[in-house]
Every structure is written in C-alpha cells, then in structure tokens.
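This is a predicted model, so every value here is computed, not measured. No hydrogens, no waters, no symmetry mates; every other heavy atom, side chains included, goes into these values. Just so you know, ligand 1 is whichever comes first in the structure, and atom 1 is the first atom listed for that ligand.
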Amino acid sequence: MAAWQDALVSTLITNIGELVTNAPGPGGAEAERTGARGFTGAVGFAALYDAALVIDDGRIAWTGQAAHAPAADERMDAAGRVVLPGFVDSHAHLIFAGERGDEFAARMAGVPYSAGGIRSTVAATRAASDAELEANLRGLAEEMLAQGITAFECKSGYGLTVADEARSVALAAGITPEVTYLGAHVVPPEFESDPAGYVDLVCGQMLKACAPHSKWVDVFCERGAFDADQARAVLAAGRAAGLEPRLHANQLGHGPGVQIAVEAGAASADHCTYLSDADVDALVASQTVATLLPGVEFSTRQPYPDARRLLDAGATVAIATDCNPGSCFTSSMAFCVALAVREMRMTTREAVWAATAGGARALRRDDVGHLGLGARADLVMLDAPSHAYLAYRPGVPLVAAVWRAGHLAFQA
Ligand SMILES: [Zn+2]
C-alpha cells in the first residue's frame, strides 16, 4: 500500500490535463483564461488545464497550475489525464432482493411499465435475510464506487412493513448518511382495499421506527401510487419527525408532484419528465433541484425529460442513476451523463456539473461535488484527457482511480 493512501499524508497529484473543479474563485477565473478549449455557459462548471491539486487530511488543500504546485509528502503523476469531483448520486434504491430481468425483457417486447412492478421486489425483499440484503447493498455500493460515485443517497421502499422498512433504513445508514425513508413507495398488496390505512401507517408507526436512521422522507407521487393529499400528509409527518422532504414527481404523466415538492421546500423533485410551464416556473423560483434520471427513460422506453427547457429557464438540474431493480438497473453515472448529452441535449459541461455539483445540491451538501478549497477529497481520474469522454466514449470503462475523503478507494 502506497503511503499516499494515508489521508494524514499530504498528496500532490500533478500533470492533470483537465481538472474539473466546479469551484468559484481562482479555479473558475483560470478556466476562463485558458478556456480556448471550450466554451462558457454551463452554470458552475469550472476547470483548470495543465493543473495540479494537493490533498491534505482528506480535504482539498490546493488547486492551480501544475507549474506552481507546492511540495507535498507524496507525489503522483496523472500523465495528462482528467480528474473530476467524485460523482454524487442523489437518487438510488439499493436495498432490495431479487431481480426483474424478465420484466425488462417483456417491456422491451412491448409490455408498458407501471408502478405495480415494484410489488414483485417487495415480495422478494420481505423474504430475504438481513445478511442477503446487506450483501446486495454493499455489492451495489462497491459497483458504484468503481464507477466514480463517491457519495450516494439510498432509499427504503421495498419492505413496506414497519419491520422491513426499519431494517432497510438501518442497513442503509451503515453505508451512507443520505438515507431516505420511502415507506410511501407503493401501497402493498395487504392494504390494497385500504390505502388510507397504509398512509396512516407510513405517517405513524412506520415513520417512528424509521426516523432514527433516516435523513430524508420521500413519496412516489404518481397515478397508481400516492396522490397529492397523501403525498402532502407523508411529507408533513416526516418533517414533524425531523426528516427533510424530497419527492418522486411527474415521472409517468403530468401531476401535482413538482408543485407539492416546491411548496414543501423539498431539496429535490425527481424525474420531472412531464412538466407544465407552471411547474418549470415553480422550480426556477425555488431552492428545489430538478433531478433528472435518464436511465429510467432509457430502460422504460419513455420520452426523456426536457432538460434544455429547465436549464434555459434557469432551473438547477441534477442527474442521478435511480439505480433500482425495476425501472433502471444501472449504477453507472457515466452512462447517465452520456444519455443526458446525447438524448437530453445537455452540453458535456452541464451534464458533468449536474452529476457532481448538481447531485450535491440535491442533497444540500456543500462538501462534495466540487474541488474547491476545503472540499472533501473525492476524486475520479479517467483514462481520458477530458470530461467529454464520458459521453464521447459511452459504455467504455474509463475510471482509472477513485479517491474518497483523500483515500485511494479504487484503482483499475
Ligand atoms: Zn426512484
């Protein structure tokens, strides 16, 4: 093990061809001066060229031109490759058992997607042992890390009993601080004739059991899942228990989700596939991030969200994987970036910003998603000279190394 894996030793990474910082100040100004390679416009995106950075005690201690880099205990040569902030995945469902490959195949053969498919994962999750769920969760987290995701959110929502939701959030809390209580994912079969009774449970005993391990509360606000009044009730109950709201909104059709998210002060409205002008206006005027999940539209063969409309209106946009066994079973942020660029007409800079700093905003985190001074030293180095390769070489495993809090956590 190299000494520079120790976060207490300062590390200089130099000869970085492109260093994406997303940071205001000197880095951003430098990016403009050396911006002949690119163009301006992507809100917040900033990069340095022929750059270096210093990690000290798990944090970014210095960034700038390689020629001016200070000395450090250890030195690594990036050989002209690109270094980016670690990806921040603000929307993932990783606590489940089973898989739904056959459902995907059927969908590709013409069977439409509906929220009801969630129930088959619920049955498998309830039947699984804690050890099985934890092994699956840790496996997916490792898969994400190897693809450059250094911070992620994780939702419950495949247990849907007090005990199964409680163990879901407890397992998630063992692996990420960004745990979301999603008891209101779908009404389970045993409450089919009494959805109001299920909402009472979600707002009552189940919330009480889950709140100690959760930071966020979420609702699948959609036809076939939970309506406006139910969504408002769950978010209000969650907030009263100390949880902050976020919301699945406007995925399968137009609906009240985005407006509910904004009025609740949610950190994020996720999906945003079907938006009215009023929805776009509400997002622009709010602190609520529009989180787009293009892997879902890919995997359900639905129309992609109109990212350009949101960006051009001035909304803050994040991209996340929505990794889950039903509607989108990818853990690749690079794939989502490629989709965002190719299918949603985001620029490569906008897409990379959305997958890093945008995800951090959607989790209300200011220590990740950028490489400004003092940020957590979460880095991805690609075997590529620029961030554009994430979309330019889709499907190619480009990640060379990943650092989390200054520790080398993955190396290809
Ligand atoms: Zn989701």
Result of checking D89, L140, L171, L137 against C154 for side-chain contact (heavy atoms from CB on, under 4.5 Å): L137
query: Looking at the Zn ion (ligand 1), which N/O/S atom of H93 is the nearest one?
result: NE2
- prompt: Is the count of non-hydrogen atoms from other residues, nucleotides or ligands lying under 6.0 Å from R404 atom CZ greater than 12?
  reply: no
- line: the Zn ion (ligand 1) -> D322, closest N, O or S atom is OD1
Exercise: do E18 and H387 side chains pair donor with acceptor under 3.5 Å: yes
- prompt: So, are R309 and D277 salt-bridged, with charged N and O less than 4.0 Å apart?
  reply: yes
statement: For NE2 in H91 and NE2 in H248, the angle at the Zn ion (ligand 1) (nearest 10°) is 90°
